[in-house]
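Data first, discussion second: the structure below is written as structure tokens.
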Amino acid sequence: MGTLNQLVIGASIGAVLLLAALGLTFTFGQMGVINMAHGEFIMAGAYTAYVLQPLAGDQAVLVALPVAFAVGGVLGLILERLIIRRFYGRPLDTLLLTFGISLILQQAARDIFGAPNVQVDAPGWLTGGVDLAGVRIAYNRLFILVLAIGCVVAISLYLSKLRQGRRMRAVMQNRQLAAVSGVATGRVDQATFFIGSGLAGVAGVALTLIGPVGPTFGTAYIVDAFLVVVAGGLGQLKGAVIAAFVLGVLNSFVEFWTANGASFAKVVVFAVIIAFLQVRPQGMFVLKSRALT
Amino acid sequence: MLEVKDLHVAYGRARVLFGVDLQAPPGSLVCLMGRNGVGKTTLLKAVMGVLPARQGTVLFDGRDITRAHVHARVRAGLGYVPQGHETFPQLTVAENLQVARESTPKARPGTLDEALDLFPALRGLLKRRAGFLSGGQQQQLAIARALVTEPRMLLLDEPTEGIQPSIVQEIEAAIRQLHATGLTILLVEQYLELALRLADHFVILDAGEVVRAGAATELHNDEGVRRLLAV
Ligand SMILES: Nc1ncnc2c1ncn2[C@@H]1O[C@H](COP(=O)(O)OP(=O)(O)O)[C@@H](O)[C@H]1O
Ligand SMILES: [Mg+2]
């Protein structure tokens, strides 16, 4: 019973991590851009749900998902056009600049919504839970899990079935070859950034279901999200999914075994990841091919 | 068809091309030769817009494309097969071809089949990831990928370098066949005998400058040429 309970909790932590990290598999994993403002796009998505709450009532979460995708996407697009585009291939500059942007966005949130945390009330249909083999699974956690799975399915269909997705993979694998194949690579970069940032917005909405929203809301997730992408193997969707759930479960068990709670669990998880990356610096999954020797 | 005038190209401070002139009339097969590191690849990249020109002009069909985007040059009719049999390794063979084809909005329906007819071996590999092909198969895919963009002129950078001999023959036959259909070709080739069999014009680069150019017949038994190519 204890083990199953921890597994369920771990899966739900994993789903949260995954949602926060999915957008990064695009912008960081595929394009190699370290966007420190990604967490603030998550925050923007969360405030989107907060703003829509009085308007859409019990349906606020559902209405907020597409709106937050657009909000995050547009913010990402603006960032790409104004700044990131000029600094491709200069990761340190990009890191510092986007860190500055993230502080600006946090201050903007403070100015607009105030410094104290605000609460998005879970809709009535997400309160309560279901009992499964003696373990109680809260509906809001289940919703996050379903949403994460839904996003993964949508992304993998987009990448494998649509010509835009195919083009995106081509640019990420060999930018110059894509260009000389006639692909307008700048346009593809914009689309990639839009989708990656939009997914951050979606994650933000989901995260309002499990906690309050504040201006620094995104910073809580950003490091873990980068870790998921690195451990999963850059740009590998499957790797990110597995990494998120492994980290989530690991987190919940360590937390369970060590009564010291969350902060110690985090230290242990970090240590495991660092040890893991020592052995496999390429992450869990690598692009295997003769062309990449 | 292609006219390069006084082209200067540099990597940062390192200047590589110093005022290159080159012409490829419609339907010609021009062979670009020269020792390793003289700037052949750099010249092709500058023609495609992958590298910017510091000075000089590139005309295609009389249009100045010196500042055009890479993809705009492809749409204008320039096809390019980079050195080193490059592919999208994680995409299947079919997807490699689709990406190029889909970026050519007004492509004829038969283009893909024609490219595959040239390299029938690829038909059996369509579902295979390109990264798992042999070097020779990757090179065939690379040429087919360039062809599905429906170029009117094809730039080939050492297509036979490091490729197994049986496939070198197939590639030579393919180039010959493409040339026969009227495609203009600029071929970088180190192997003099192969160049002599295919080319009608030649250009020799040395240290970033054109040192010889002319009809291919002039190349036979020319000691100076053999010295420039170090063969
Ligand atoms: N990315 C690069 N950065 C700096 N120098 C380069 C780069 N690529 C090539 N070069 C230099 O430019 C010169 C010409 O290279 P290249 O055009 O590849 O020659 P070739 O194709 O004739 O062998 C060489 O001296 C090479 O060292
Ligand atoms: Mg070369």
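Side chains are part of it too, since the values below use all heavy atoms of this structure and drop only hydrogens, waters and symmetry mates. Chain naming here is simple, since letters A, B, ... match the order of the sequence lines and numbering starts at 1 in each.
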Counting heavy-atom pairs under 4.5 angstrom with chain A, the leader among B/His69, B/Gln98, B/Met48 is B/Gln98
Give a yes or no answer on whether the side chain of B/Gln139 reaches the backbone of B/Pro159 with a donor-acceptor pair at less than 3.5 Å. yes
Regarding B/Glu161 and B/Gln83, do their side chains bring together a donor and an acceptor under 3.5 Å, going by distance alone? yes
Looking only at A/Ser181, A/Ala179, A/Ala178, most heavy-atom pairs under 4.5 Å shared with chain B are made by A/Ser181
Under 4.5 Å to a heavy atom of chain A? For B/Val70 that would be both
message: Can you confirm if the aromatic rings of A/Phe194 and A/Phe69 lie within a centre distance of less than 6.0 Å?
response: yes
| With distance as the sole test, does B/Arg75 use its side chain to make a donor-acceptor pair with the main-chain N or O of A/Gly182 at under 3.5 Å? | yes
